[in-house]
2 protein chains.
Amino acid sequence: MSQCDVGYHRRMARWQPDARGRLEAAAFELFRERGFEQTTVADIAGRAGLDKRTFYRLFGDKREALFSGSAHLEEVLAKTVAETDAGPFEVVIAAFRRVAEEIFADRLELVRARQAIIESSPELQERELRKTGSLVAAVTAALRAKGLDESTATLATESGATVFRVAYARWVAPGGDVPLTDLIAEVATELRAITSASG
Amino acid sequence: MSQCDVGYHRRMARWQPDARGRLEAAAFELFRERGFEQTTVADIAGRAGLDKRTFYRLFGDKREALFSGSAHLEEVLAKTVAETDAGPFEVVIAAFRRVAEEIFADRLELVRARQAIIESSPELQERELRKTGSLVAAVTAALRAKGLDESTATLATESGATVFRVAYARWVAPGGDVPLTDLIAEVATELRAITSASG
DNA sequence: GTGCCGATGTCACCTTGCGACATCACGCTA
DNA sequence: TAGCGTGATGTCGCAAGGTGACATCGGCAC
């Protein structure tokens, strides 16, 4: 810290492209290697060849590095809701199935690794819940834009999201490899059955 | 820091009873007065006549001071599930209605104030989501203890929780004052209708 | 009284997250 | 080529969250 400090050390490649992507990759690696809590933001930035402060300029917080995909998810959901013509619940289910095909299919291993990280940390679980909530809000808004009333839109979205959550949990669980789309359809059917059973 | 430090200032009442309750009350007041983020843990502890370190010994973190009731909620839910005899979905609905009567009824104003605090902070929203998730897990476990299979228990719980969430949101929303129990029954009916509609 | 023990205070520390400011790399223009 | 923006980055400092280690106090058993 006192020797050799007159710096020719500024070979440091400022201006590397895709800082955001490199930070996401570094975070993912480190979370897998050491766990989320054992990884500091400085570690992540360091591995990406950047500074801690830069990380915080690109991500709201440490958790956010794991959730960059959710914006895209939201777009696909909203677009599908807008384009699909059917009953409210069916529209929502269709939207989630679209997402399952376009985004999740072919990425089972990646998703499982990611999910393992999330499940290892309460903080990340909370963030995931919040992201899901944000998705729900987007779908509800898209439904309302089609002229549905608030309460129908909300309930259709919430129940569709429930179906997705349950199907997703089964898909990610180790063992099976049934396509997520199929699981969503199955669970939707089960939901109909369970709610209409007389108690 | 250098003058008058020989302390007779230890009049400080160590050993005041109900430290936990006083901290919760102080936190609630301060969150309402200044907002969650503008309140430091030291502020809360100070108002309760205690030290920051003591707060952290009684609560896992700053958010937790607002969620002490959820343990009791969990007990009531689990007990009702165990005692009620009906179809899985109906059992879950019954449990949430019991909670609505025993815990929420007569506290609308308090609940609204609390909810206003929560909605003002993303951090608190995340924590609320997590608490809800924990409740869901407890109900699922109680259902499984009655002999139901994993997937039925999960789906019944999740859909019941969805009904509760929607009903709760309507109840807390300003304006109405229909009892929460009634709202839960209404929403359950709506859910049956919406899922069985042909798309 | 003596001594144990649990609840509390004190202190030091690391990390998160952010504001303020200095720098660097690049493109543009004369 | 020099000079000048401009935006992305690094550096510095700091408030607050959260925790471990240790000192201290109050009561209680003996």
Side-chain angles (χ1 to χ4, degrees), chain A residues 1-2 5-24 26-27 30-31 34-67 120-124 126-127 130, chain B residues 1-2 4-24 26-27 30-31 33-67 117 120-127 130:
Chain A
M1 208 184 274
S2 50
D5 58 351
V6 194
Y8 84 111
H9 57 93
R10 280 291 158 273
R11 191 71 51 260
M12 168 183 290
R14 227 146 156 166
W15 264 159
Q16 291 182 52
D18 195 24
R20 203 184 154 93
R22 293 210 327 283
L23 283 167
E24 281 169 19
L30 285 166
F31 293 166
R34 318 180 191 167
F36 176 77
E37 298 175 5
Q38 283 63 50
T39 303
T40 73
V41 172
D43 292 335
I44 300 170
R47 175 161 306 197
L50 294 165
D51 188 84
K52 172 189 156 195
R53 195 68 186 81
T54 298
F55 179 95
Y56 281 114
R57 274 192 274 254
L58 295 173
F59 299 93
D61 57 53
K62 188 174 146 191
R63 307 157 205 80
E64 214 58 22
L66 253 187
F67 293 91
S120 76
S121 153
E123 274 186 84
L124 288 173
E126 291 187 345
R127 179 54 49 85
R130 173 162 135 199
Chain B
M1 208 182 273
S2 50
C4 71
D5 58 350
V6 194
Y8 84 111
H9 57 92
R10 280 293 156 271
R11 191 69 51 263
M12 164 182 291
R14 226 146 157 166
W15 265 157
Q16 291 181 52
D18 195 23
R20 203 184 154 93
R22 293 207 331 279
L23 284 167
E24 281 169 19
L30 285 166
F31 293 166
E33 291 170 17
R34 317 181 191 166
F36 176 76
E37 298 175 6
Q38 282 64 49
T39 303
T40 74
V41 173
D43 292 336
I44 300 171
R47 176 162 304 197
L50 295 165
D51 189 84
K52 173 188 160 193
R53 196 67 186 80
T54 298
F55 179 95
Y56 281 113
R57 273 191 273 253
L58 295 174
F59 299 92
D61 58 52
K62 187 175 148 191
R63 305 156 207 83
E64 213 58 23
L66 252 187
F67 294 90
I117 296 172
S120 76
S121 154
E123 274 186 85
L124 288 173
Q125 292 170 36
E126 291 186 345
R127 179 55 49 86
R130 173 161 134 200

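Note on naming: letters A, B, ... go to the chains in the order of the sequence lines (proteins, then strands), and numbering restarts at 1 for each one.
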Can you name the closest pair of heavy atoms from A:F55 and A:D61 and give their distance? CE2-O, 3.6 Å

Selected nucleotide, minimal atom distance to B:L50 side chain, candidates C:dG9, C:dG17, D:dT9: C:dG9

Rounded to whole Å, the CD-C1' distance (B:E123 to C:dT16) equals 11 Å

Determine the contact category for B:A19: base if any of its heavy atoms lies under 4.0 Å from a base atom, sugar-phosphate if only primed atoms, P, OP1 or OP2 are that close, otherwise nothing. sugar-phosphate

On a heavy-atom basis, the closest approach of A:L23 and A:A48 is CD2-CB, 3.6 Å

Between D:dG17 atom C1' and B:Q38 atom CD, what is the distance in whole Å? 15 Å

How close or far is atom P of C:dT15 from atom CD of A:E37, stated in whole angstroms? 13 Å

Given the structure, check if the side chain of B:R57 and the base of C:dG9 hold any donor-acceptor pair shorter than 3.5 Å. yes

Within residues 58-67 of chain B, the residues having a heavy atom closer than 4.0 Å to DNA chain D are B:G60, B:D61, B:K62, B:R63

Measure the distance from CG on B:D51 to P on C:dC11 and round it to the nearest whole Å. 10 Å

At under 4.0 Å, does any side-chain N or O of A:T40 touch on OP1 or OP2 of C:dC14? no

Closest approach of A:A42 to A:K52 (non-hydrogen atoms, all atoms of both residues): CA-CB, 4.4 Å

Could you report the tightest heavy-atom contact between A:L124 and A:F67, atom names first, then the distance? O-CZ, 3.8 Å

What is the distance, rounded to the nearest whole Å, between atom CG of B:D43 and atom P of D:dA15? 14 Å

Atom NZ of B:K52 and atom C1' of C:dC13: how far apart are they, to the nearest Å? 10 Å

Heavy-atom distance under 4.5 Å between the side chains of B:F59 and B:E24, does that happen here? yes

Does the B:R20 side chain pair with the main chain of B:L58, one donor and one acceptor, at a distance under 3.5 Å? yes

What heavy-atom pair brings B:T39 and B:L30 nearest, and what distance separates the two atoms? OG1-O, 3.5 Å

Could you state the atom-to-atom distance from CZ of B:F55 to P of C:dT8 in whole Å? 14 Å

Whole-Å gap separating P (C:dC14) and OH (B:Y56): 18 Å

With distance as the sole criterion, do the side chain of B:R53 and the base of D:dG18 form a donor-acceptor contact below 3.5 Å? no

